[in-house]
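Note: hydrogens, waters and symmetry copies are ignored here, and every other heavy atom, side chains too, is used. Worth saying up front: this structure is predicted, and the values here are computed from it rather than measured.
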Amino acid sequence: MAMTEIIKQLEKEILQQRTDEQQLKNEIAAVASLEFAERAAGALDPKKHLYSFEGYLSLLQMLKTVLYAGMPPDDALDAVQTGWSAEKILEAWWVMRNGNF
C-alpha cells in the first residue's frame, strides 16, 4: 500500500471517529442538555486521560446508555469514569435507588 493510500485511509478513519463523536454528543444532548454534553465531552477528553480516542468514544457510548436508562446526568458522568461496565453501573444505581443494599 502506497504512503498516500495509507494517509487517505487514516484521514477517513479520523473523519469517521469525529462523526461518531458528534453523533454521540447529539444523542447525549437529546436526553440531558447541550451544555451537559459539551461538559461531559470535556471531562472525558482523551487528551486529559490515559485512554485513546476509541476509549473516549466508548465512554461517551456508555454515558449515553446510562442516561437513556434514567440515571441523572451528573451521577452518570461520575459513574462512567469508574471503569465499570454500563451494566454494573446501572445495577449499582438500581440497588442504591431502591434501597436494596
H49 (side chain) donor-acceptor with Y56 (main chain) under 3.5 angstrom: no
Side-chain heavy atoms of S58 within contact of F53, under 4.5 Å: no
Nearest-0.5 Å distance, CD1 of residue I14 to OG1 of residue T19: 11.5 Å
Interatomic distance, M96 atom CE to D75 atom CG [nearest 0.5 angstrom]: 9.0 Å
Interatomic distance, Q81 atom CD to L59 atom CG [nearest 0.5 angstrom]: 7.5 Å
Sidechain-backbone polar pair: K48 side chain, G42 backbone, donor-acceptor under 3.5 Å: yes
For A79 against M71, the heavy-atom pair lying closest together: CB-CE, 4.2 Å
Minimum-distance pair of heavy atoms, taken over all atoms of K25 and A37: O-CB, 3.5 Å
Check: E35/S33 side-chain N/O donor and acceptor closer than 3.5 Å: no
Taking every non-hydrogen atom, the tightest pair across L57 and L24: O-CD1, 3.6 Å
From CA spacing to verdict: salt bridge (Lys or Arg N to Asp or Glu O under 4.0 Å), K8, E11: CA-CA 5 Å; K8 284 181 183 179; E11 287 173 343; over 6 Å; no
Atom pair CG (D20) and CG (L15), whose distance is rounded to the nearest 0.5 Å: 9.5 Å
Any donor-acceptor N or O pair under 3.5 Å, side chains E27, Y68: no
Any side-chain donor near an acceptor of the partner, Q9 and E13, under 3.5 Å: yes
Nearest non-hydrogen partners of T65 and A86, listed with the distance: CG2-CB, 4.1 Å
Distance-minimising heavy-atom pair for L67 and V31: CB-CG1, 3.6 Å
Distance in Å, W84 CH2 paired with L90 CG, rounded so as to fall on 0.5 Å steps: 11.5 Å
Heavy-atom donor-acceptor pair, Y51 side chain to L44 backbone, under 3.5 Å: yes
Interatomic distance, L34 atom CG to I28 atom CD1 [nearest 0.5 angstrom]: 11.0 Å
Candidate pair T82 and K88, rule side chain to side chain contact (heavy atoms under 4.5 Å, CB included), full reasoning: CA-CA 10 Å; T82 64; K88 187 72 173 173; over 6 Å; no
Carboxylate-amine/guanidinium proximity below 4.0 Å for R39 and D74: yes
Main-chain N/O of W94 paired to N98 side chain as donor or acceptor, under 3.5 Å: yes
